[in-house]
Amino acid sequence: MNTMTDSNNLAVQGRQKMTPSEAFVETLVAQGVTDVFGIVGSAYMDALDLFPQAGIRFISVAHEQGGGHMADGYARVSGRHGVCIAQNGPGITNFVTSTAAAFWAHSPVVVVTPETGSMTLGLGGFQETEQLPIFSKITKYQAHVNNRARMAELTGRAFDRAMHEMGPAQLNIPRDFFYGDIECEIPRPLTIERGAGGDASLDQAAALLAKANFPVILAGGGIVMGDTQADAVALAELLQAPVCASYLHNDAFPSRHPLWCGPLGYQGSKAAMRLIARADVVLALGTRLGPFGTLPQHGLDYWPKDAQIIQIDADPRMLGLVKPISVGICGDAGAAARALVARLEGKTLACSANRDARLATLRDERRAWEAELDGWTHEKDPWSVEVSAQSAHMHPRQMLRELERAMPDGAMVSTDIGNICSVSNSYLRFERPRSMFAAMSFGNCGYAFPTIVGAKVAAMDRPAIAYVGDGAWGMSFGELQTCVREAIPVTAVVFNNGQWGAEKKNHVDFYENRFIGVNLDRQPSWAAVAKAMGAEGVRIDKVSDVGPALRAAAAAQRDGKTTVLEMMVTRELGDPFRRDALSLPVRHLAKYKATAAK
Ligand SMILES: Cc1ncc(C[n+]2csc(CCOP(=O)(O)OP(=O)(O)O)c2C)c(N)n1
Ligand SMILES: [Mg+2]
């Protein structure tokens, strides 16, 4: 039974004769799709032909991976489905990385994968590969249209599952199944409401929180995806509890709120780490407690191993998966927060007794971390000191602080995988959810730029800014073509340090500076490349130019202009990503002895 009322649904009603292409497109209409990203292909041309009359914009991209990331960014900012489509075979395999990234970003992306024709499947015809196994581990659901008469049903199900399970769904369609005559009804979206969780577990959680002396809230992506920040704020204020953001979800809690203490995880906030280390009860609100997000950082092993952990997540498989927990609640973060407020309001809370002392600690930690960031203008390890002494370029941290100060209100910021992008985690603060679009756990270079392009399509009124290292930029700058061609104005801040820095840091720390494949010598001027591609390009050499340049580029978005700000920075490098996973080199063979750790 469809629970959505149909009055505003523009799709055709009732059972009737149509072609499968019409059934497919009408189901998109029924699901509220207005934008689809991809590269044109004969495999789905019959359906594409209907897009204009259906009110669907086809955004023609430079590379399918970019289109997949755009669908991801679009979904992350709008809370609606992101949709991408491509040619069978090579167009579809180009979606693999973006689909895996969307999987770990919990994005409701529908990946439409037209397949080789059903009558030649298995014969090794043109552009043929088995498309279902490839995506089997990176999707929440796979629909295969095994009969053209089921086109609408399976299309609708792929959309519903993507939203219900918050992740990519694949819709695989043999290309000959777009043609023919069928009779069907267009399914309406199946809206399923999620509740707060079980009463007994909520009671238990409320009892733990009432007794807590130092409760700390860990605000996760569930708050962002549920658009439920106000509920998290209400619960935090009731408890007067410090709120840390989970790794790369800096937009889960407003940074100007007095209880905010910043993100945990790699290059996160020491204030957040020091406060959660003191917790006797942690309320993990809408977070899977991913293993990478709570690793020791800055020399602080901050996860409170003796604390009682209450974990709330909409996916029961995430409860207690990574960290031992005391109470697991399968529910919507916002609904659970409201249910906890209802249980705790008017009750005596143990933490009220030490409220002033706790708030003083919070203020002290926040102040200390801000002061440390103000003074931390450059990296201090010997290699960084040496390379920056030889350079006239900007220190990355100073540049990042300037970007933070100049960040326009309501900005959406995507960040790539790289050393400088990672360091930016300390300097990214947001007042509203759906503002930060980091490459999440999949961690692929080349994520940030196309993702912000998709985000901009969904929110044309918001400034859209991507932080990208120069190596990752080399992978993704092709989508400047999409910005120019499709009039999608964004700002790319490209950190030119002439290296694949994050990996080079491992050479410095573990391999005695034996640099292999990490220097990006003889790069083009990225500002000049941008201009050649029809965008604006500005090279920034001085810290004092950073803020004005960002403000001007963000303002230029209102005039439809995409700008690349090429930031000339030193080769210094912050802490490495995977200190947890590397070891000093051991060599047994005489031939390789010279590379053994001394
Ligand atoms: C697709 C992909 N390839 C390789 C890597 C491994 N990797 C992680 S960070 C990094 C270096 C990033 O360099 P750059 O974008 O220039 O940023 P920087 O570290 O210099 O700030 C690489 C190669 C990856 N994460 N993703
Ligand atoms: Mg670099």
Side-chain angles (χ1 to χ4, degrees), residues 63-66 68-69 72 93-105 138 248 266-267 292 378-379 381 383-384 387-388 391 393-400 403 414-428 438-452 466-479 492-511 515-526 529 539-540 564-582:
H63 188 289
E64 288 88 354
Q65 181 185 334
H69 288 318
D72 183 355
T93 52
N94 278 350
F95 279 146
V96 172
T97 298
S98 56
T99 306
F103 184 90
W104 289 108
I138 49 176
L248 300 179
Y266 182 40
Q267 297 290 357
F292 189 67
H378 61 88
E379 303 300 347
D381 59 286
W383 187 81
S384 289
V387 289
S388 51
S391 168
H393 293 323
M394 297 180 280
H395 291 300
R397 281 184 178 271
Q398 275 185 307
M399 173 212 54
L400 291 169
L403 288 172
S414 67
T415 60
D416 217 279
I417 289 294
N419 193 270
I420 299 173
C421 281
S422 301
V423 173
S424 78
N425 194 23
S426 291
Y427 305 91
L428 285 171
M440 307 303 288
S441 312
F442 195 57
N444 62 301
C445 288
Y447 180 86
F449 184 55
T451 296
I452 208 68
Y467 283 6
V468 194
D470 48 359
W473 183 246
M475 285 183 178
S476 52
F477 75 94
E479 296 304 340
V493 184
V494 177
F495 306 133
N496 185 340
N497 59 3
Q499 59 192 3
W500 292 104
E503 298 298 352
K504 187 184 229 178
K505 178 67 175 159
N506 297 323
H507 285 162
V508 173
D509 287 355
F510 293 88
Y511 296 94
F515 298 136
I516 303 173
V518 288
N519 286 331
L520 294 167
D521 297 326
R522 290 187 285 279
Q523 286 196 97
S525 154
W526 289 119
V529 169
R539 175 184 152 126
I540 314 286
V564 175
L565 300 177
E566 185 178 15
M567 300 289 175
M568 306 309 293
V569 288
T570 74
R571 286 188 151 178
E572 68 199 87
L573 291 165
D575 266 359
F577 251 100
R578 300 307 311 272
R579 203 195 291 285
D580 64 302
L582 280 107

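Just so you know, these numbers use all the heavy atoms, side chains as well, and skip hydrogens, waters and symmetry mates. Ligands are counted one by one from 1 in listed order, and the atoms in each one are counted from 1 as well.
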| message | Using the rule side-chain hydrogen bond (donor to acceptor under 3.5 Å, both in side chains), only one of T415, D72, T97, D416 pairs with Y447; which is it? | response | D72
| query | What does the list of residues with a heavy atom under 4.0 Å from ligand 1 look like, ordered by chain and number? | reply | I417, G418, N419, I420, G443, N444, C445, G469, D470, G471, A472, M475, N497, Q499, W500, G501, A502, E503
| query | Just by distance, do the side chain of S384 and the backbone of E572 share a donor-acceptor pair under 3.5 Å? | reply | no
| field | Straight-line distance of M440 CE to T451 OG1, nearest 0.5 Å | value | 11.5 Å
| field | D470/R571 ion pair, N-O < 4.0 Å | value | no
| query | Taking only residues two or more places apart in sequence, or in another chain, which ones meet E503 in a salt bridge (Lys or Arg N to Asp or Glu O under 4.0 Å)? | reply | none
| message | If you take the centroid of each ring, where Trp contributes its six-membered ring, are F495 and Y467 closer together than 6.0 Å? | response | yes
| task | For the Mg ion (ligand 2), count the protein N, O or S atoms found under 2.8 Å away. | result | 3
| With distance as the sole test, does Q267 use its side chain to make a donor-acceptor pair with the main-chain N or O of S422 at under 3.5 Å? | no
| note | Residues passing the side chain to side chain donor-acceptor pair (under 3.5 Å) test with Y266, sequence neighbours excluded, are none
| field | Where A502 and L573 come nearest, the two heavy atoms and their spacing | value | N-CD2, 4.5 Å
